[in-house]
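The structure appears right after this line, and notes come after that.
What you see below is based on every heavy atom in this structure, not just the backbone, and it leaves out hydrogens, waters and symmetry mates. Numbers here simply count residues along the sequence, with the first being 1.
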Amino acid sequence: MKALSVADVLNCLTGLSQELAGAFRPAAIIEIVARILTEQLAPARLTVMLLDSGSNRLNVTYHNGPRPATTDEPLLQLALRRGPLVFPDRVAARAAELGVTVERPAPASWLGVPIVAVSHPIGAVAIEGDRTRALDDSALSFTRAVLAQAGIALENARLVELLSSGKREWEQTVDAFNHAVCYVDPQGTVRRANRVFADLIKLPVTALAGRSWLTLVPPGWADPVARLLGAPADAAAPVEVRAGDRALLVTAIPTGEPGAAVLLFEDQTEKRRLQEQLLQSEKMSAIGQLIAGVAHDLNNPLASVVGFSDLLGEAADVPPRLAEPLAVIRQEAERASAIVRNLLSFARRQEGERQLQSIRPILESTHQLLKNQLLAARIELTLEFEPGLPEVEVHANQIKQVFVNIINNAAQAITSMRARGGGGRIEIVTKCEPDGLSVNVSDNGPGIPEDVAQRVFEPFFSTKSEGEGTGLGLSICLGIVKEHGGTMRVEPGGAGSGRGATFTVELPTGVRSELSPLDRPGHASAATAPAPSERLERLRVLVVDDEPHILHYMQATLESWGHEVAVARDGSQALKRALMQPFDLIICDLRMPRLGGREMFQTLARMHPTVADRIIFATGDTVRGDTLQFLEELGRPFLQKPFKLDALRRVLAGVVKVPA
C-alpha cells in the first residue's frame, strides 16, 4: 500500500461516507467498498462476503482475483473468530503459529476484517497483497475504517428494507380489503390509504399521502365526514355518503393518537339492493295473494255461469233463436274460467317439484293469460313450435313468470313507439337445440340501445320513469332460468337493424326424478282424467256448498241426468245427513261457514270412514299450499271450480253404487 497522509485518509473516508449515505441496497454498498479498497490497496485478490439472515450462512457477494473464493477459507474463518488480522509476510508460517494451515502457494501478504453492525458480524473482507505491495498495519487500519462505515450503511439498508417490506405488507393487506381505508392524522392529513379508497375518489394511490382529506373527497362528503372526525370516539355514529348510484357507510375508528382516526368506507349498495329486492318480493307476494283471493272469489259465480251454460247447451228443448246467444255465453264463460285459472296458477306459491313436460302448454297458457291485454294494445302475438321439441324439466309457474315478463316488456316497447305507425307484433319461436330447446321472443319495437342492453339483467336497473318499474323483472327472470340450468340473453336490435329486441331463453332437457303427487296413478284430478261413457245407474248424491246458485245448478244438472240429489248449505247440515242416510257420492265444497269441508271429512273419517271415502271435494282454493297439500294427501280426484260438466261426469263414472 502506498503511504497516505492523514489528510488523504480523511478525504477518502469523507467521500466514502457521502457515497454510502445515498446507497440503500447492499449490492450498491459492496460495490462502493470494493472500489475504494481496490483503488487504495491495489490487492491481488479481493473477496467480500455477507451473512444471509435467513440461512445464517456466509455468501460470496463480491470477488476479484485469480482463484475462486469460498466461504470456508481457513484465514477468513480465523479472522471471523479472532477479529481483524494482517500478515505482512510469511503468511503460511504465521498462520501455522495460530493453528491454521494455508494451501500452497501462500499469498505474499494477507488481511481479513469482519464487517460488524450493532456488535454482530454480518460479513467479512479478505484481501491478498502481491509481491510488490505488501499489506501492513496501515492497510489494516484503513480497511477497518472503511468497513466500519460499510457496517453502518449495511445496517441502515437492512432497516430500510424492513421498513419497505412492512410498508409493502401493509399495502398488500389493506389493498386486499373490500372496503376503502384511509388513515387521517390529527392535522387532517392523509398518511396512508388503500387502492379501494384511491379508486373511490378516482386518484392514484401515490397522490394521496400528505394531502388534506378535505381536498380529496367530493364536496358532498365534507360535512358528514367532518362531523364524524370531530365527534367523541364513543359517540361517533357511522354516517352515509353517496358516490353516484353507490351508497357508502363511513365509520371512524380511533387509533389511540388524539385526533387521528382510520376512516372505513363500506359499500352498502348491494346490501340496500338486496333489502329493496326483499321488500319488493314481499310486495309482489302480497299482490299475488290479493290476486289469488280475487280470483278465488270469482270462482263461485263463475262455477254457476259455466254450469248453467253447459246445462242449457245440452238441453234438447232450447229454442233455435237462443242457440247463438247461448253459444256466446258458454264461450265467454269458458274464457272467463280460463283467465281465472291462469291467474290462480300464476299467483300460486312457487313450490313443488319440477316436472318433465312440454314447453308448448306453458307458452300457450301464457298467451291466454296476456291475450286480452295484448288485444287492447292492438298487438298480435304468434306462436311457432318446431316439430320434435324435447320435454324440459321445469317448474311451470316459474317459467311462465319469465315469459310473462318478457312479453310485457316487448308490449311496452311497442306501445312506446306507436306514434310512428304500424302494427304491433310479437313472435315467439321455439326451436330444438343439441342439449334442449330455445325460445326466441322477438318484437317489432324500437329495440334496445347497446349501452342499455349490457345492463338489462342488472337488479334495479330500469329505463322506466319513477314509479313505473322496479328494475327487478329481468334480473329475477335470469335467476329463474339459471336455477333451471338454462341461459338467457338479449339481441338489442334497433339502430337501423329494422327489427326490435329478441330475448332468447335456452332450457336443457332433463330426466324426471320424481312424479308429483298429481301425476301418480290414481291421483289424477277429475279435470284431467279421461272421459268414459256416461253411466246409466241412478246414484244418490249429496251436494254441499254455501252458494245457493251452485246448489241450484248442481241439483238441476244431476237430476236431469237421472240421479237422486240432496243438498246442504254447510258442513254441519251435511254431516247430519251423511250419517242419517246412505249416499253413493258426496260432492263437498272446502271453504264454508260454521263447518268447512275439511273439518267435516275429518269428523266423518273418525265416526264413519266408509262414508268419508265417498267425498269428492270441489274448490276454487288451490292457491293456498295447505289446501293443495290436503287434496294431494287424500289421493282422490277433486273438482276445481269453475268446472265443466265433463269433469262432473268423470267423477260420477268412477263411483261404486252403495247397496240399498
Taking atom CG of L370 and atom NZ of K400, what is their separation to the nearest 0.5 Å?
10.0 Å
Is the cationic atom of R489 (NZ for Lys, CZ for Arg) positioned less than 6.0 Å from the six-membered ring centroid of F503 and within 45 degrees of its normal?
no
Any heavy-atom pair between the side chains of V505 and N440 that's under 4.5 Å?
no
Using 30° and 60° as the class limits, which term best fits the ring planes of F265 and F197: parallel, tilted or perpendicular?
tilted
Please determine if R246 and D267 form a salt bridge, counting it only when a charged side-chain N lies under 4.0 Å from a carboxylate O.
yes
Salt bridge present between K431 and E433 (N-O < 4.0 angstrom):
no
Would you compute the distance between atom CD1 of I399 and atom CD1 of I359 and round it to the nearest 0.5 angstrom?
6.5 Å
Nearest-0.5 Å distance that lies between atom CZ in R614 and atom CD1 in I586:
7.5 Å
In the structure I gave you, are the side-chain heavy atoms of L631 and L590 within less than 4.5 Å of one another anywhere?
yes
Atom CE in M488, atom CD in E506: separation rounded to 0.5 Å?
12.0 Å
Measure across G597 and C588 and return the closest heavy-atom pair with its distance rounded to 0.1 Å.
CA-SG, 3.7 Å
Under a 4.0 Å threshold between the charged nitrogen and the carboxylate oxygen, would D545 count as salt-bridged to R591?
no
Has the side chain of N194 got a donor or acceptor atom that lies under 3.5 Å from a matching backbone atom of H179?
yes
Parallel, tilted or perpendicular, as decided by the 30° and 60° cut-offs, for the rings of F630 and F617:
perpendicular
Ion pair check, R636 and D613, cut-off under 4.0 Å
no
Can you see which heavy atom on N444 is nearest to which on I414, and at what distance?
OD1-CD1, 3.6 Å
Just wondering, more than 12 heavy atoms not from H549 lying within 6.0 Å of its NE2?
no
